[in-house]
Asks: 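One structure is given below, represented as structure tokens, and several questions about it will come after.
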Amino acid sequence: MEEAVLILEETEKDEDGYPVTKEKRIEIGVLREKSATRSERYAAMNAGIEVKFILEIRPEDFELSRHRDAQGKRAYARKIEYDGAVYDIARHYQNDKSLVELSLS
């Protein structure tokens with residue numbers, strides 16, 4: 001199993017009450033790397049996004065990145081470091097109870 005690092009930014013308050021953004025990194029395992037389907041690539045291009053490939057990970061690993069954003073809404077990691085590069089997570093999709101697919105751009 002290959003390794004990857006989910007990257008998220010959390011906003012906290014410093015001792016004076018000012019917001020400070022901190023980067024949090026969570027190491028996870030990658031179950032499988034696969035190509036994006038043609039329809040997924042075209043749909044992403046129409047939205048102005050280029051999908052490079054898809055990583056499959058365990059839902060438990062993705063849940064480790066769950067946090068509250070600056071507006072108090074539930075959010076997840078928006079970036080991932082994999083194979084020496086940092087990618088944006090364009091979309092995450094849980095296709096069954098055992099897998100989460102991350103579309104990377």
Side-chain angles (χ1 to χ4, degrees):
M1 182 181 325
E2 293 190 56
E3 301 239 342
V5 178
L6 291 171
I7 303 169
L8 60 117
E9 292 182 349
E10 290 183 308
T11 303
E12 301 173 351
K13 293 187 178 183
D14 64 9
E15 60 272 357
D16 296 325
Y18 293 103
V20 176
T21 302
K22 293 186 177 184
E23 183 180 89
K24 184 176 179 183
R25 301 170 66 83
I26 303 166
E27 291 185 23
I28 62 166
V30 174
L31 300 175
R32 184 168 74 154
E33 176 185 330
K34 65 182 194 176
S35 298
T37 63
R38 182 179 301 157
S39 61
E40 187 163 27
R41 285 186 189 266
Y42 286 131
M45 282 190 330
N46 285 337
I49 301 168
E50 179 186 356
V51 173
K52 305 258 186 212
F53 56 92
I54 295 171
L55 294 180
E56 291 181 343
I57 66 171
R58 296 180 327 160
E60 300 84 27
D61 287 344
F62 195 59
E63 282 295 317
L64 293 173
S65 76
R66 187 172 68 181
H67 63 285
R68 297 283 175 189
D69 65 11
Q71 290 79 33
K73 295 180 182 177
R74 183 172 56 177
Y76 293 90
R78 305 291 296 156
K79 294 183 182 218
I80 188 166
E81 185 176 325
Y82 176 71
D83 201 23
V86 176
Y87 298 94
D88 289 324
I89 299 173
R91 181 176 80 94
H92 68 275
Y93 173 74
Q94 187 165 349
N95 60 359
D96 62 27
K97 292 186 183 229
S98 63
L99 291 175
V100 171
E101 292 184 349
L102 303 178
S103 299
L104 306 183
S105 63

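Note that this is a predicted model, so its numbers are computed, not measured.
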Asks: Supply the atom-to-atom distance Leu64 CG to Lys24 NZ, rounded to the nearest 0.5 angstrom.
Replies: 8.0 Å
Asks: Taking Tyr93 as the starting point, is it possible to reach Val51 by hopping between hydrophobic residues whose side chains are less than 4.5 Å apart?
Replies: no
Asks: Do Glu9 and Lys22 meet the salt-bridge criterion of a basic N to acidic O distance under 4.0 Å?
Replies: no
Asks: Show the nearest heavy-atom pair for residues Ser105 and Ala90, with the distance to one decimal.
Replies: OG-CB, 4.0 Å
Asks: If you count heavy atoms of other groups shown closer than 6.0 angstrom to CZ of Arg41, is the number above 12?
Replies: yes
Asks: How long is the straight-line distance from CD1 of Ile49 back to CZ of Arg91, given to the nearest 0.5 Å?
Replies: 10.0 Å
Asks: Which residues satisfy the side chain to side chain contact (heavy atoms under 4.5 Å, CB included) test with Glu23, sequence neighbours excluded?
Replies: Ile7, Arg25
Asks: Could you tell me which non-hydrogen atom of Leu31 sits nearest to which non-hydrogen atom of Ser98, and how far apart they are?
Replies: CD1-O, 4.4 Å
Asks: With a 4.5 Å limit on heavy-atom distance, are the side chains of Leu99 and Arg58 in contact?
Replies: no
Asks: Starting at NE2 of His92, measure out to CG of Leu102 and round the result to the nearest 0.5 Å.
Replies: 8.5 Å
Asks: Give me the atom names and distance for the closest heavy-atom approach of Glu40 to Ser103.
Replies: OE2-OG, 2.9 Å
Asks: Please determine whether the number of non-hydrogen atoms from other residues, nucleotides or ligands lying under 6.0 Å from atom NZ of Lys73 exceeds 12.
Replies: no
Asks: Mind listing the closest non-hydrogen atom pair of Gly29 and Ile57 along with its distance?
Replies: O-CG2, 3.8 Å
Asks: Answer yes when Arg68 and Glu10 have at least one side-chain N-carboxylate O distance shorter than 4.0 Å, and no when they do not.
Replies: no
Asks: Find the distance between OG (Ser65) and CD1 (Ile80) and round it off to the nearest 0.5 Å.
Replies: 9.0 Å
Asks: Looking only at heavy atoms, what is the nearest atom pair of Val30 and Ala4, with distance?
Replies: CG2-CB, 3.6 Å
Asks: Is Ile89 reachable from Leu55 through a run of hydrophobic residues whose side-chain heavy atoms are each under 4.5 Å from the next?
Replies: yes
Asks: Under 3.5 Å, side chain of Asp69 to main-chain N/O of Gln71, donor-acceptor pair present?
Replies: yes
Asks: To the closest 0.5 Å, what do you measure between CD (Glu101) and CG (Asp96)?
Replies: 8.5 Å
Asks: Could you check whether Glu33 and Tyr82, counting side-chain N and O atoms only, form a donor-acceptor pair closer than 3.5 Å?
Replies: yes
Asks: So Pro19 and Glu12, do their side chains get closer than 4.5 Å, heavy atoms only?
Replies: no
Asks: Where do Asp88 and Leu104 land on the side chain to side chain contact (heavy atoms under 4.5 Å, CB included) test, with the steps shown first?
Replies: CA-CA 6 Å; Asp88 289 324; Leu104 306 183; over 6 Å; no
Asks: Go through Leu8 and Ile26 one step at a time and tell me if the side chain to side chain contact (heavy atoms under 4.5 Å, CB included) criterion holds.
Replies: CA-CA 9 Å; Leu8 60 117; Ile26 303 166; 3.7 Å; yes
Asks: Linking I/L/V/M/F/W/Y whenever any side-chain heavy atoms sit under 4.5 Å apart, do Leu6 and Tyr87 land together?
Replies: yes
Asks: With rounding to the nearest 0.5 Å, note down the distance linking CD1 in Ile28 to CD in Glu2.
Replies: 11.5 Å
Asks: Is Lys52 salt-bridged to Glu50, cutoff N-O under 4.0 Å?
Replies: yes
Asks: Is the distance from the ring center of Tyr76 to that of Phe62 below 6.0 Å?
Replies: yes
